[in-house]
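Along the sequence shown, residues carry numbers from 1.
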Amino acid sequence: MKVRVDADTCVGCAACEGICPEVFEMTDEDKAIVKVDPVPTEHEDACQEAAEQCPVDAISVEAD
Ligand code: F3S
């Protein structure tokens, strides 16, 4: 599974990092980046959850 953050849409709420810190990381500009690609199987559920919880739908998830 692949996950992407649209930096233009991200408002830096950091919910994704809170839900799945193994995959999402906040930059100094308060944008989330994806640090593991593809997403390890054990973190897929958390990534899906993060995508659902993002208030501005900046996270897109792509199944393999
Ligand atoms: Fe940005 Fe959404 Fe994460 S606003 S910091 S991608 S939860």
**Q** Please list, one pair per line, the donor and acceptor atoms closer than 3.5 Å that link side chains of residues 31-50 to other protein atoms, with sequence neighbours excluded.
**A**
from	atom 1	to	atom 2	distance (Å)
K31	NZ	A7	O	3.0
K31	NZ	C10	O	3.0
K35	NZ	P21	O	3.1
E49	OE2	Q53	NE2	3.2

**Q** Please examine the side chains of I59 and C16, heavy atoms only from C-beta on, and report whether any two atoms are closer than 4.5 Å.
**A** yes
**Q** Are I19 and F24 linked, directly or through other ILVMFWY residues, by side chains that come within less than 4.5 angstrom of each other?
**A** no
**Q** Ignoring hydrogens and geometry, is there a side-chain-to-backbone donor-acceptor pair from D64 to M1 under 3.5 Å?
**A** yes
**Q** Quick check: closest heavy atoms across D57 and A51, and the distance to 0.1 Å?
**A** OD1-O, 4.2 Å
**Q** Can a donor-acceptor pair be found, under 3.5 Å and without considering hydrogens, that links the side chain of E17 to the backbone of E25?
**A** no
